[in-house]
Amino acid sequence: MPTKALWGDGRLCYGGDWNPEQWPPGVWREDVALMRAAGVNLVTVGVFAWSRLEPEPGRYTLDWLDRVLDLLHSAGIRAALATPTASPPPWFSLRHPDALPVTADGVRLHHGSRDTYCAAAPAYRDAARNIAEVLADRYAHHPALALWHVHNEYGTTCHCPHAEAAFRRWLTTRYGDLDALNDAWVTSFWSQHYSDWAQVGTPRATQYLANPGQLLDFRRFWSDTLLSAYTEQRDLLRAANPAVPVTTNYVLGDWVPVDHARWAREVDLVAIDHYPSAADAGAEEQTAFAADLARGWARHGAGQQVPWLLTESAPNQIHTAGRMHTKEPGRMTRHSLAHVARGSAGVMFFQWRAPAGGAERFHSAVVSHAGAGTRVFREAAGLGTALGRLAGTAPGRVQAAVAIAYDAASGWALRHPGMPRDALDHPGEAAAVHRALWHAGFTADVVPPGAPLDGCRLLVLPALYLASDATVDWVRRHVHGGGHLLVTWLSGVADEHARVRLGGYPGAYRDLLGVRVEEFHPLADDEHVPLTGGGTGRIWSETVHPAGAETVSAYAGGVPDGRPAITRNRIGDTYAWYVSTRPEDDTYRRLLTEAARLAGVTPTCPGVPEGVEAVRRHDGLLYLLNHTDHPQRVPVAGFELLSGATVDGELTVAPGGVAVVREEIP
Ligand code: GAL
């Protein structure tokens, strides 16, 4: 794996997106001096600079980038050089109107923002390869180059004729013939049978509900199409200098038609951009979940471990719920180190310097409109110092004995409007399980179906709606190998084409769970159903018939009143749990704690007070993140790396602070 260029010197990466093309050279020099003062060692350059690199077709103006890279090199700062293909210049649109994207309702979009291209349009692909090749020829051996950053956040779709033709080709490869496609999409329903490939198109705006199989395959098609746009750039960059790692930054969210687990096999490091949507304590939970997702992709998606890196995060405000929310002092540092705790190879911000204009002029930046004499800059410089003290602690693997399965396609399939309830959300359900475990003090891996489960004592399937035969086999092997299992509602209900597995839900796992579900009874948003034993369920309920499983908790109200809500089936020495509703957070926490206990899993750091996040790594480091506003005492002995102090059995972590302890092995 060609990652030496990135962390051969043992330093964690620190920096962010830098856009010198928006500023005169005097500002570049000031920026580089400030970067050095803040401990920055890696910056992403050129992400949206296409029109400054190729102002007219075939005319290249690279001299400014030469100077920028030389300047960085002379300052000892490495470059993640981007290919600018996420923002084709205006000349491209005028020259290739057929390469502009078309929405599902037939509107052709124009330049004026970013991402105005169809990734299936030959003219776009040619132009993208071309500018990538120009950069590769010129910079592949530049001493500042540490990483190629291809494109930015692949995630667009299109319904133009190029996209349609490519979709048909993709379907031909997937299904071979129309009979197989008709069967997979169940086109006998509503007279949708296709008798000629020319009839098959992208899921455009239509009269009523679209075909679920078609929608799902369209997402998969885009994931593969965007991936091929990435890999063709990667291949030419790699060919120019195989020692330089290549990646692209992932945008998270289930609107993205990208199966990041599959993409992880094609990158030299998994790169995620993370902007929590919550401005309060929820941001902590989201941060931990995103980091664990990235680690799962990096560890398992690749078939072999690759590193992962937080490539974008906000240095200050996050924009959510219609306004900017300021991160109070310390939060940025704590959240950044939370990513590092969970294995990130460093911390990168969007963005280094706030632009004077442009659509994101009010996005937070390390150097804000007020300059560098700010609280935010000082905190960023403090983080640079902290990361410097962690040099030599290689991006580490994390100790976890619980795994949560996460599958992009299940998330896409659940979004179909013809489901029994709106707002069904596999990523949200995975996050709810993760949150409950996080609050209970357990560390979890988040893994794609099929990932090796070595070390996993408890596997959780959270609304993992789709179950291919391979996924079912994976789950079976885990249980028959002695692993515990906890399956929640809507898991295993459909096959990989989103066709229902018949005979009672959840068709794929009925026998393992020892239950048969006869009916769904979705709940309203404000509805709660009491459970015996003191818990509460939300969102969903079902009529569950035990078929071998014992009832742990029953519905005490609602349509399935008196019937099992939570069951467990004993298989040898293990338990296979079934949870037919969404337990309220406290209920979930208790349930998962019990399932973990029976699986022989203990909390990460027993004795850690509520509100302190503990992450224990295989390299012997214990990260402690105090999310409360008062000092917290933690029983631990060793050496604290950030302060350089020896810890004799008890450590006080400052309000909102972080400690990193190399534990003493007794
Ligand atoms: C990211 C994107 C950046 C910037 C940022 C704003 O998703 O990659 O270019 O737009 O969001 O938060």
Side-chain angles (χ1 to χ4, degrees), residues 13 15-23 42-52 80-89 111-117 119 128 147-157 226 229-230 233 247-258 260 263 267 269-279 283 286-287 290-291 293-294 308-327 331-332 335-336 339 344 347-369 376 380 427:
C13 301
D17 278 47
W18 183 43
N19 298 98
E21 72 275 17
Q22 297 169 5
W23 302 97
L42 179 70
V43 290
T44 307
V45 283
V47 178
F48 298 111
W50 196 341
S51 65
R52 299 297 307 275
L81 182 54
T83 64
T85 52
S87 209
H111 63 259
S113 178
R114 63 181 184 190
D115 285 304
T116 44
Y117 55 83
L147 174 69
W148 286 109
H149 172 298
V150 174
H151 200 86
N152 187 68
E153 297 190 336
Y154 281 102
T156 53
T157 60
L226 296 169
Y230 162 75
Q233 288 196 38
T247 194
T248 181
N249 52 335
Y250 291 1
V251 54
L252 309 184
D254 75 346
W255 57 271
V256 187
V258 167
H260 292 121
W263 281 53
V267 294
L269 99 152
V270 164
I272 65 157
D273 298 347
H274 189 242
Y275 299 91
S277 62
Q286 292 181 8
T287 297
L293 251 179
W308 77 269
L309 175 65
L310 175 69
T311 30
E312 278 186 32
S313 56
N316 186 14
Q317 292 102 341
I318 19 179
H319 201 294
T320 189
R323 70 177 171 94
M324 283 179 171
H325 297 253
T326 302
K327 292 185 181 177
R331 181 182 280 261
M332 178 279 278
H335 287 200
S336 299
H339 280 285
S344 174
V347 176
M348 305 282 285
F349 295 119
F350 181 88
Q351 50 197 334
W352 172 256
R353 181 181 279 274
E360 292 183 333
R361 62 208 174 284
F362 291 114
H363 194 288
S364 68
V366 177
V367 180
S368 71
H369 291 151
V376 172

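Counting starts at 1 for both ligands and their atoms, in listed order.
Interface of Asn152 with ligand 1, defined as ligand atoms under 4.0 Å from a residue heavy atom, comprises 2 (C), 8 (O), 9 (O). Residue-ligand proximity, Asp273 to ligand 1, at heavy-atom distances under 4.0 Å covers atoms 8 (O). Taking every heavy atom of Phe48 and a limit of under 4.0 angstrom, the matching atoms of ligand 1 come to 9 (O). Atoms of ligand 1 found under 4.0 Å from any heavy atom of Arg114 (numbered from 1 in listed order, with element): 2 (C), 3 (C), 4 (C), 9 (O), 10 (O).
Note that the CE atom of Met324 and the CG atom of Asn316 stand 9.0 Å from one another [nearest 0.5 Å].
In this structure, the side-chain contact (heavy atoms from CB on, under 4.5 Å) partners of Ser87, at least two apart in sequence or on a different chain, are Phe48, Arg114. Partners of Trp263 according to the ring-ring contact (aromatic ring centres under 6.0 Å, His included) rule, which considers only residues two or more places apart in sequence or in another chain, are Tyr154.
Remark: among candidates Glu360, His274, Gln351, Glu153, the nearest residue to atom 7 (O) of ligand 1 is Glu153, based on non-hydrogen atoms.
Between His151 and the options Trp50, Tyr230, Tyr117, a ring-ring contact (aromatic ring centres under 6.0 Å, His included) holds for only Tyr117.
Atom 6 (C) of ligand 1 has as its closest protein heavy atom His363 NE2, 3.2 Å. Counting only heavy atoms of the protein, atom 3 (C) of ligand 1 lies nearest to Glu312 OE1, 3.3 Å.
Side-chain contact check for His111 and Thr116: no donor-acceptor pair (N or O, by modelled atom type) lies under 3.5 Å.
Ring geometry, Tyr275 versus His363: the interplanar angle exceeds 60°, so the pair is classed perpendicular (tilted spans 30 to 60°).
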